[in-house]
Amino acid sequence: MKPEKPNYFDLVYQVVRLIPSGRVTNYGAIAHYLGIKSGARMVGYAMNAAHTMVDVPAHRVVNSQGLLTGKGHFSTPTEMQELLGKEGVNVVKDKVQNFEKVFWNPEVELAL
DNA sequence: CGCCTGACGTTGC
DNA sequence: AGCAACGCCAGGC
């Protein structure tokens with residue numbers, strides 16, 4: 001068939017796009033929500049492409065530790081922290097504070 | 001067509 | 001508790 005862009009990226013974009021301001025999520029949650037257990041890497045991979053998407057707040061997506069692992073992929077390594085901080089998410093040393101508080105679980109918030 | 005890399009997660013030591 | 005290795009899947013070369 002034709003490799004017209006795998007829906008994989010789109011699926012991730014949709015979920016990430018639904019993340020409300022002041023809230024963050026992790027790759028594993030999105031991956032699990034999409035139905036892929038060990039697809040956390042794929043989510044991050046999709047985020048890389050999402051970097052070109054303005055509607056995809058990739059800065060709201062962090063790893064299971066709440067660390068801004070993808071900050072290095074942004075224009076500036078501080079932009080991710082700045083954006084989160086401006087949205088109400090306390091980020092110290094590239095790490096999200098109160099991660100479990102600001103954590104946005106798609107399976108719960110979307111009432112799956 | 002095959003090998004390597006990659007914004008992760010989990011388990012083992 | 002911190003570090004290392006493995007596993008998974010897809011894209012790029």
Side-chain angles (χ1 to χ4, degrees):
Chain A
M1 251 296 254
K2 187 210 333 105
E4 68 164 55
K5 254 172 46 126
N7 296 2
Y8 214 94
F9 286 33
D10 291 281
L11 290 172
V12 178
Y13 300 154
Q14 290 174 62
V15 178
V16 175
R17 192 181 302 171
L18 292 172
I19 302 174
S21 180
R23 251 4 62 79
V24 293
T25 188
N26 65 28
Y27 304 95
I30 298 172
H32 192 255
Y33 175 72
L34 296 178
I36 43 190
K37 189 175 183 188
S38 306
R41 302 187 114 180
M42 275 63 265
V43 177
Y45 203 68
M47 304 310 312
N48 191 356
H51 175 236
T52 60
M53 309 285 270
V54 290
D55 288 303
V56 183
H59 64 270
R60 290 183 189 155
V61 185
V62 295
N63 71 344
S64 62
Q65 303 172 50
L67 293 171
L68 312 185
T69 49
K71 66 168 188 165
H73 291 259
F74 277 76
S75 307
T76 57
T78 54
E79 182 171 323
M80 195 172 186
Q81 181 176 325
E82 287 286 294
L83 288 168
L84 289 171
K86 295 175 73 155
E87 296 191 344
V89 180
N90 294 320
V91 180
V92 180
K93 293 177 355 144
D94 305 328
K95 187 180 120 234
V96 177
Q97 304 302 292
N98 305 319
F99 180 58
E100 52 184 279
K101 288 186 176 184
V102 296
F103 178 67
W104 183 78
N105 190 331
E107 297 186 80
V108 177
E109 301 303 306
L110 299 181
L112 182 60

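Reckoned from all heavy atoms, side chains included, excluding hydrogens, waters and symmetry mates. Naming: A, B, ... by sequence-line order, numbering from 1 per chain.
Every residue two or more places apart in sequence or in another chain that forms a ring pair (Phe, Tyr, Trp, His ring centres under 6.0 Å) with A:F99 is listed here: A:F103. For A:S75, the side chain to side chain contact (heavy atoms under 4.5 Å, CB included) partners are A:E79, not counting sequence neighbours.
Between the CE atom of A:M42 and the C1' atom of C:dG11 there is a distance of 9 Å, given to the nearest Å. Between A:L34 atom CG and C:dC9 atom P there is a gap of 14 Å when expressed in whole angstrom units. Rounded to an integer number of Å, the gap from A:N7 CG to C:dC9 P is 17 Å. What separates CD1 of A:I30 from C1' of B:dG9 is a distance of 14 Å, to the nearest Å. Nucleotide B:dG9 holds its P atom 19 Å from the OH atom of A:Y33, rounded to whole Å. A:H32 places its NE2 atom 14 Å from the P atom of C:dC9, with the value rounded to the nearest Å. Rounded to an integer number of Å, the gap from CZ of A:R41 to C1' of C:dA5 is 12 Å. As rounded to whole Å, 17 Å separates atom C1' of C:dC8 from atom OH of A:Y27.
Distance CG/A:N90 to NZ/A:K101: 10.0 Å, rounded to 0.5 Å. Rounding to the nearest 0.5 angstrom, the gap separating the CE atom in A:M47 from the OH atom in A:Y13 is 7.5 Å.
A heavy atom closer than 4.0 Å to some atom of DNA chain B occurs in A:A58, A:N63, A:S64, A:T69, A:G70, A:H73, A:F74, these being the qualifying members of residues 56-84 of chain A. Annotation: proximity of residues 89-98 of chain A to DNA chain B (heavy atom, distance under 4.0 Å) is found for no residue.
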Could you walk me through whether A:V12 and A:Y45 pass the side chain to side chain contact (heavy atoms under 4.5 Å, CB included) test, one step at a time?
-> CA-CA 10 Å; A:V12 178; A:Y45 203 68; over 6 Å; no

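The hydrophobic cluster analysis finds A:L83 isolated: no Ile, Leu, Val, Met, Phe, Trp or Tyr side chain comes under 4.5 Å of it, directly or through other members.
At a cut-off of 3.5 angstrom, counting only N and O atoms as typed in the model, there is no donor on one side facing an acceptor on the other between the side-chain of A:Y45 and the base of B:dA7.
Applying the salt bridge (Lys or Arg N to Asp or Glu O under 4.0 Å) test to every pair with at least one member in residues 11-30 of chain A, sequence neighbours left out, gives no pairs at all.
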Show which side-chain atoms of residues 49-60 of chain A pair as donor or acceptor with protein atoms under 3.5 Å away, not counting sequence neighbours.
unit_1, atom_1, unit_2, atom_2, d
A:H51, NE2, A:H73, O, 3.2
A:T52, OG1, A:A49, O, 2.5
A:R60, NE, A:E87, OE1, 2.8
A:R60, NH1, A:I19, O, 2.7
A:R60, NH2, A:E87, OE1, 3.3
A:R60, NH2, A:E87, OE2, 2.8

Please tabulate, for side-chain N and O atoms in residues 63-71 of chain A, each donor-acceptor pair with protein atoms closer than 3.5 Å (sequence neighbours left out).
unit_1, atom_1, unit_2, atom_2, d
A:N63, OD1, A:Q65, N, 3.2
A:N63, OD1, A:G66, N, 3.1
A:N63, OD1, A:L67, N, 2.7
A:K71, NZ, A:D94, OD2, 2.5

